[in-house]
Amino acid sequence: MLDIQFIRDNPETVAEKSRQKGYEVDVRQLLGFDEERRQLLQQVEDLRRQRNELSGQTKGQKPSEEQIAKGRELKDKVAKLEHQLAVIELEFTALLKTVPNMPVDDVPIGTTEDENVVVKIWGEKPQFDFEPKNHWQIGEAKGWIDKERATKVAGSRFVYLKGDLVLLEFALWQFALSKLIDEKVLQQIIKDNNLTVSSTPFIPVLPPAVAKKEVFEATGRLNKEEQTYKIEDEDLWLNASAEHTLAPMYLNEILNEADLPLRYVGYTTAFRREAGTYGKDMEGLFRLHQFNKLEMECFNLPEDSLQEHLFLVAIQEYLMQQLGLPYQLLNKCTADIGFPNARGMDINAWLPGQNKYRETHTADYITDFQTQAMKTRVRHSDGSIQLAHTNDATAFSQRPLIAIIENFQTPEGNVKIPEALRPYVGNRSEI
RNA sequence: GGAAGGGUGUCCGAGUGGUCGAUGGAAACGGUCUUGAAAACCGUCGUGCCUUGCAAGAGGUACCGUGGGUUCGAAUCCCACCCCUUCCGCCA
């Protein structure tokens with residue numbers, strides 16, 4: 001949620017920046033509700049004051065007939081106005097929830113993802129003296145990927161992942177975890193990127209994979225039509241990323257300044273409906289209803305959060321570089337950063353099988369958009385209280401497996417294992 | 001899933017209809033005392049929202065698991081739900 005005070009102070013900016021993100025927001029009506037709501041609230045509170053004064057007068061004694069009559073009258077008035085207020089509040093809140101977070105200044109303005117700006121290209125695209133294959137051609141030949149049987153069991157966009165590819169996937173998690181909990185590695189990344197963030201290591205978490213509706217909504221990520229599965233007969237939704245259950249971890253809590261940054265790296269299976277993507281990326285592992293992901297989630301002081309965002313991007317680059325995967329880094333445009341984001345960067349890995357860079361990582365700069373709804377705050381050492389900021393970013397999903405298979409394939413149809421992962425696959429150099 | 005008990009502030013814990021945002025204790029913070037520390041003593045010590053103020057602040061209101069209800073008045077009574085503990089059942 002965006003701060004209503006900010007909207008009051010900057011109505012034109014809010015309308016304009018929402019539009020840049022592709023959302024049409026009726027700011028005038030929102031502020032109208034806000035005004036109406038506050039006036040009613042004043043009246044309600046005044047009546048409540050009168051009621052409190054009246055019941056204060058009759059402490060320890062029976063009230064007179066007159067006082068009871070007066071009380072009744074107040075009660076009716078309060079009830080009436082409270083009802084009006086509740087109606088307005090509902091409309092107000094509903095409209096407020098349609099306002100996206102405001103992009104920061106260096107977010108490129110654009111109307112489609114094609115306007116994302118490539119800010120860096122890293123690594124050499126591999127040169128093959130044979131016709132490179134798709135990951136699903138290799139995967140099926142190797143017996144690593146079985147979509148036909150998965151479709152029989154669960155429908156399209158599900159997969160059985162088998163054999164060495166499973167080992168490779170677990171290698172990815174273990175490799176990333178080993179780096180993220182290592183303060184020395186983080187210090188080096190900070191130094192190499194001239195950042196000023198703390199080197200506090202990440203805490204590994206296995207979070208719940210479901211969240212209650214109200215909590216999910218607070219993350220600004222509940223998107224039932226396109227993305228989110230609901231559990232029947234329960235007030236529970238399946239997460240589409242560990243972010244969705246990590247971010248609300250400190251719901252309604254006040255953190256101590258001294259405890260920040262709080263850094264978590266969480267692993268879950270993620271579920272996505274992928275509505276509106278019919279026929280897109282139907283082959284292989286690229287776009288599934290169910291996939292695994294290791295996600296970074298950080299809670300920061302407002303003044304540190306942008307640096308933290310850049311730090312998470314630096315970590316993502318480090319991880320990709322350690323695997324030797326060629327990629328490009330994108331500063332996402334207003335149309336593509338997402339509803340709760342103030343900024344966002346993607347890493348797209350080079351996929352020889354598609355002859356394209358495709359998304360493997362996202363880093364989200366959220367500011368206080370989630371904590372506004374989640375009421376996650378920080379108490380500063382001077383006692384003042386402020387909303388905390390959240391940042392989230394992919395450590396690894398399964399998609400880098402695709403990049404590994406396609407970039408490191410051999411003429412024989414095998415896959416060379418990046419050095420960094422070998423310790424986790426029995427020190428083999430090829431599978 | 002069944003039975004019983006219970007959810008009160010950072011924590012422990014009192015409060016069963018009337019100035020109760022809530023007694024008391026602990027922790028924390030500030031101070032007195034002390035060479036220093038401990039102890040003792042004094043003081044401070046929840047959050048959201050609204051109004052007002054340049055601000056420090058002031059005033060109001062709400063919050064005792066959540067949502068409803070009863071009442072002139074609810075932490076307290078009633079209903080529903082959620083969660084926790086113990087026992088039973090089931091179970092990776």
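Per chain, numbering begins at 1; letters A, B, ... match sequence-line order. Computed over heavy atoms, backbone and side chain alike; hydrogens, waters and symmetry mates excluded.
- Residue A:R37 contributes atom CZ, which lies 12 Å from atom C1' of B:rG48 at whole-angstrom precision.
- Side chains of A:Y327 and A:H361: no donor on one and acceptor on the other come within 3.5 Å.
- In this structure, A:T394 has no side-chain hydrogen bond (donor to acceptor under 3.5 Å, both in side chains) partners at least two apart in sequence or on a different chain.
- Across all strands shown, B:rU10 pairs with B:rA26; the Watson-Crick or G-U wobble distances both stay below 3.5 Å.
- When Watson-Crick and G-U wobble pairs are counted only if both distances are under 3.5 Å, B:rG21 pairs with no nucleotide at all.
- In this structure, B:rA92 forms no base pair with any nucleotide, since neither Watson-Crick nor G-U wobble geometry is met with both distances under 3.5 Å.
- Under the ring-ring contact (aromatic ring centres under 6.0 Å, His included) criterion, A:Y264 pairs with no residue, sequence neighbours left out.
- As rounded to whole Å, 12 Å separates atom C1' of B:rC50 from atom CG of A:L40.
- Taking atom C1' in both B:rA75 and B:rU70, one finds a spacing of 16 Å when rounded to whole Å.
- Remark: the backbone N or O of A:E243 is not paired with any side-chain donor or acceptor of A:K293 at under 3.5 angstrom.
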Report task. Treat primed atoms plus P, OP1 and OP2 as sugar-phosphate and everything else as base, then score nucleotides 52-62 of chain B 5' to 3': B for base contact with protein heavy atoms under 4.0 Å, S for sugar-phosphate contact only, - for none. Result -> --------BSS
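- As rounded to the nearest Å, B:rG6 and B:rA92 have C1' atoms that lie 29 Å from one another.
- Of the C1' atoms belonging to B:rG30 and B:rC45, the separation is 11 Å, rounded to the nearest Å.
- A donor atom on one side chain and an acceptor atom on the other are not found under 3.5 Å apart for A:E308 and A:N391.
- Taking atom CD on A:Q43 and atom P on B:rU51, their separation rounds to 13 Å, with Å as the unit.
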Which donor-acceptor pairs under 3.5 Å do side chains of residues 200-207 of chain A form with protein atoms, sequence neighbours excluded?
residue: A:T200; atom: OG1; partner: A:S198; partner atom: OG; Å: 2.5

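- Taking atom C1' on both nucleotides, B:rC29 is separated from B:rC87 by 45 Å, rounded to a whole Å.
- Taken to the nearest 0.5 Å, the CG atom of A:L310 stands 12.0 Å off from the CD1 atom of A:I190.
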Distances under 3.5 Å between protein N/O atoms and the N/O atoms of nucleotides 90-92 of chain B, please, pair by pair.
none

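- Between A:E24 and A:R19, at least one side-chain nitrogen of the basic residue sits less than 4.0 Å from a carboxylate oxygen of the acidic one, meeting the salt-bridge criterion.
- Look at A:R49 and A:D46 and you find a salt bridge, because one of the NZ, NE, NH1 or NH2 atoms lies within 4.0 Å of a carboxylate O, short of that distance.
- Between the CG atom of A:N252 and the P atom of B:rC82 there is a distance of 20 Å, rounded to whole Å.
- Partners of A:H135 according to the ring-ring contact (aromatic ring centres under 6.0 Å, His included) rule, which considers only residues two or more places apart in sequence or in another chain, do not exist here.
- Using a 4.0 Å cut-off between charged nitrogen and carboxylate oxygen, A:R72 and A:D76 do not count as a salt-bridge pair.
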Taking only distance into account, with no hydrogens and no angle test, what donor-acceptor pairs under 3.5 Å do side-chain atoms of residues 137-145 of chain A form with protein atoms, sequence neighbours excluded?
residue: A:Q137; atom: OE1; partner: A:N134; partner atom: N; Å: 2.7
residue: A:K142; atom: NZ; partner: A:N414; partner atom: OD1; Å: 2.6

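- Around atom CD of A:E148, no more than 12 heavy atoms belonging to other residues, nucleotides or ligands sit under 6.0 Å away.
- B:rC63 sits 10 Å from B:rU76 when the P atoms are compared, rounded to a whole Å.
- The C1' atoms of B:rA39 and B:rG31 are separated by 16 Å, rounded to the nearest whole Å.
- B:rU47 atom P lies 14 Å from atom CD of A:Q386, rounded to whole Å.
- Of the residues in residues 376-385 of chain A, those lying under 4.0 Å from RNA chain B by heavy-atom distance are A:R377, A:R379, A:I385.
- Residues passing the salt bridge (charged side-chain N to carboxylate O under 4.0 Å, His left out) test with A:E45: none are found, sequence neighbours excluded.
- Taking the ring axis of A:F339 as reference, the NZ or CZ atom of A:R221 does not stay both within 45° of it and closer than 6.0 Å to the ring centre.
- Between A:E82 and the choices A:R48, A:K77, A:Q43, the side chain to side chain donor-acceptor pair (under 3.5 Å) rule is met once, by A:R48.
- The partner of B:rA58 is B:rU51, by the rule that a Watson-Crick or G-U pair needs both atom distances under 3.5 Å.
- Between A:L96 atom CG and B:rC49 atom P the separation is 13 Å, expressed in whole Å.
- With RNA chain B read from its 5' end, the first of the two nearest nucleotides for A:R38 and A:K375 is the one closest to A:K375.
- Counting to the nearest Å, the P atom of B:rC83 and the CG atom of A:L236 are 10 Å from each other.
- The partner of B:rC87, taking Watson-Crick or G-U wobble pairs whose two distances both stay under 3.5 Å, is B:rG2.
- Comparing the same atom, C1', in B:rG57 and in B:rA74 gives a spacing of 33 Å after rounding to whole Å.
- When the P atom of B:rC72 is taken as reference, atom CD1 of A:I68 falls 7 Å away, rounded to whole Å.
- When both pairing distances are held under 3.5 Å, B:rG67 makes a Watson-Crick or G-U pair with B:rC79.
- For A:E214, the CD atom is loosely surrounded, since the number of other residues' heavy atoms within 6.0 Å does not exceed 12.
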Would you list the atom pairs, donor with acceptor, under 3.5 Å between side chains in residues 153-161 of chain A and any protein atom, with sequence neighbours excluded?
residue: A:R157; atom: NH1; partner: A:K280; partner atom: O; Å: 3.2
residue: A:R157; atom: NH1; partner: A:D281; partner atom: O; Å: 3.3
residue: A:R157; atom: NH1; partner: A:R287; partner atom: O; Å: 3.1
residue: A:R157; atom: NH2; partner: A:T277; partner atom: O; Å: 2.8
residue: A:R157; atom: NH2; partner: A:T277; partner atom: OG1; Å: 3.3
residue: A:R157; atom: NH2; partner: A:K280; partner atom: O; Å: 3.0

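- For RNA chain B, the neighbouring residues in residues 1-10 of chain A, judged by any heavy atom under 4.0 Å, are A:R8.
- The separation of B:rC50 from B:rG43, taken at their P atoms, amounts to 35 Å, rounded to a whole angstrom.
- Residues from residues 75-87 of chain A that place a heavy atom under 4.0 Å from any atom of RNA chain B, listed by number: A:K75.
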